[in-house]
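Letters A, B, ... are given to chains in the order of the sequence lines, protein chains preceding strands, and every chain is numbered from 1.
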There are 2 protein chains.
Amino acid sequence: MAEQPAGPVLDDQVCFALYAASRAVTALYRPLLDDLGLTYPQYLVLLALWEHDALTVKDLGRALQLDSGTLSPLLKRLEKLELVRRERRSDDERSVLVTLTAKGDELRAKAVPLPGLVGDAMGLDGPDLYELRTTLRELTDSVNAYRAALPQ
Amino acid sequence: MAEQPAGPVLDDQVCFALYAASRAVTALYRPLLDDLGLTYPQYLVLLALWEHDALTVKDLGRALQLDSGTLSPLLKRLEKLELVRRERRSDDERSVLVTLTAKGDELRAKAVPLPGLVGDAMGLDGPDLYELRTTLRELTDSVNAYRAALPQ
DNA sequence: AATAACTGAGTTGTGCACAACTTAATTTCT
DNA sequence: AGAAATTAAGTTGTGCACAACTCAGTTATT
């Protein structure tokens with residue numbers, strides 16, 4: 001008979017595998033992003049802006065699943081780096097519109113090779129990567145739906 | 001012709017899918033762990049200790065892939081909660097052995113239902129979860145091997 | 001029109017992560 | 001044995017994440 005631990009086991013947990021994988025990939029990006037003067041969450045914000053050009057803090061929060069408590073100081077740092085501008089919308093003074101500066105837009109070209117480099121290091125071929133991404137999205141949606149249905 | 005964004009796209013990134021999934025699962029654990037008075041990384045440390053009973057800070061770092069800069073203050077908090085003890089090893093005074101207190105050991109029983117609850121919310125069946133875990137481990141190993149091979 | 005409810009950002013405080021560094025203990029190399 | 005290198009923890013400083021809160025602006029209700 002194999003031993004039966006009287007509790008959950010670390011390496012059995014999908015949650016730990018996710019946590020470890022996410023941190024490993026972020027760590028792989030770090031030296032590449034250092035060259036651009038960015039952190040990983042800052043890079044994600046710029047990814048969203050390179051795609052959409054102008055987004056409110058609210059929009060960014062929806063895209064990245066982050067709240068204003070995280071985004072506000074992060075955006076201030078990006079503004080200090082002169083990569084983005086922040087301005088109140090005139091038609092709704094509650095909203096702050098975040099837009100790329102010329103400098104922020106130019107950084108896009110330097111970021112183009114990054115996903116390829118990181119993809120190579122993952123050791124998965126195209127179809128496996130595609131399937132993994134799909135599974136992760138489904139998992140995230142399922143978990144978030146479950147959370148939204150919880151009391152409170 | 002579809003538009004071709006002149007740069008990487010947020011939702012295409014496996015790295016973002018990982019980041020979002022990891023945070024969603026952690027967020028799902030949070031209210032459950034609140035009842036035990038634990039954070040998610042603290043829970044991971046206890047998982048390792050429930051399995052092995054006594055580990056050095058170094059061992060914990062290897063198991064969780066965290067360095068002493070993260071673990072030292074975390075373990076101090078667990079000690080203040082009276083869930084673990086920390087003591088220098090007599091045969092090597094550099095090492096600190098972390099062991100469970102009775103209180104820390106008792107918490108194990110309360111943690112038993114957690115993985116099942118979280119597994120349900122993931123919306124994947126057993127085989128899919130198993131495959132995902134395997135893929136994530138391979139990805140983590142591949143990425144870490146790649147990082148270890150980098151200059152410096 | 002006045003009030004109530006809601007919304008979007010921002011602030012404060014706690015706890016990770018991680019880089020860079022310090023210190024003390026141990027091991028290795030002359 | 002003594003110096004140099006290595007190792008294990010811990011400290012300091014920065015930047016997320018996130019809860020809980022504030023505040024100003026907008027919308028809904030009466």
| request: Select one nucleotide: of C:dG10, D:dG10, D:dA19, the one nearest the side-chain heavy atoms of A:S72. | output: C:dG10
| query | Looking at D:dA9, C:dA19, C:dG10, which one has an atom nearest to any side-chain atom of B:R88? | reply | D:dA9
Starting from [atom2] on [N], measure out to [atom1] on [X] and report it in whole angstrom.
X     : N      : atom1 : atom2 : result
B:R23 : C:dC16 : CZ    : C1'   : 14 Å
A:R89 : D:dT26 : CZ    : C1'   : 13 Å
B:L66 : C:dC16 : CG    : P     : 10 Å
A:L33 : D:dC16 : CG    : P     : 11 Å
B:R62 : D:dA8  : CZ    : C1'   : 11 Å
B:Y40 : D:dA17 : OH    : P     : 15 Å
B:R86 : D:dA9  : CZ    : C1'   : 9 Å
B:L74 : C:dT14 : CG    : C1'   : 12 Å

| query | Given side chains that start at C-beta, do those of B:S95 and B:K58 come closer than 4.5 Å, heavy atoms only? | reply | no
| said: Quick check: on DNA chain C, is the nucleotide nearest B:T70 upstream (toward 5') of the one nearest A:S95, or the reverse? Name the residue that is more 5'. | reply: A:S95
| query | On DNA chain C, nearest-nucleotide positions of A:K58 versus A:A27: which is more 5'? | reply | A:K58
| Where A:R86 and A:E79 come nearest, the two heavy atoms and their spacing | NE-OE1, 3.3 Å
So, is [X] near the phosphate of [N], with a side-chain N or O under 4.0 Å from OP1 or OP2?
X     : N      : answer
A:K80 : D:dT14 : no
A:K76 : C:dT11 : yes
B:Y19 : D:dA17 : yes

Tell me whether [X] contacts the main-chain N or O of [Y] through its side chain, where contact means a donor paired with an acceptor under 3.5 Å.
X      : Y      : answer
A:T101 : A:G104 : yes
B:R133 : A:V14  : no
A:K103 : A:L81  : yes
B:D105 : B:A102 : no

Counting any heavy atom closer than 4.0 Å, what does [X] reach on the DNA or RNA strands: base, sugar-phosphate only, or nothing?
X     : value
A:T39 : sugar-phosphate
A:T56 : sugar-phosphate
A:L71 : nothing

| Ignoring hydrogens and angles, are the base of C:dG10 and the side chain of A:S68 linked by a donor-acceptor pair under 3.5 Å? | yes
| request: Could you check B:D59 against A:P73 and say which one's nearest nucleotide on DNA chain D is further toward the 5' end? | output: B:D59
| remark: Per nearest nucleotide of DNA chain D, the residue lying toward the 5' end, A:R94 or A:Q42, is A:Q42
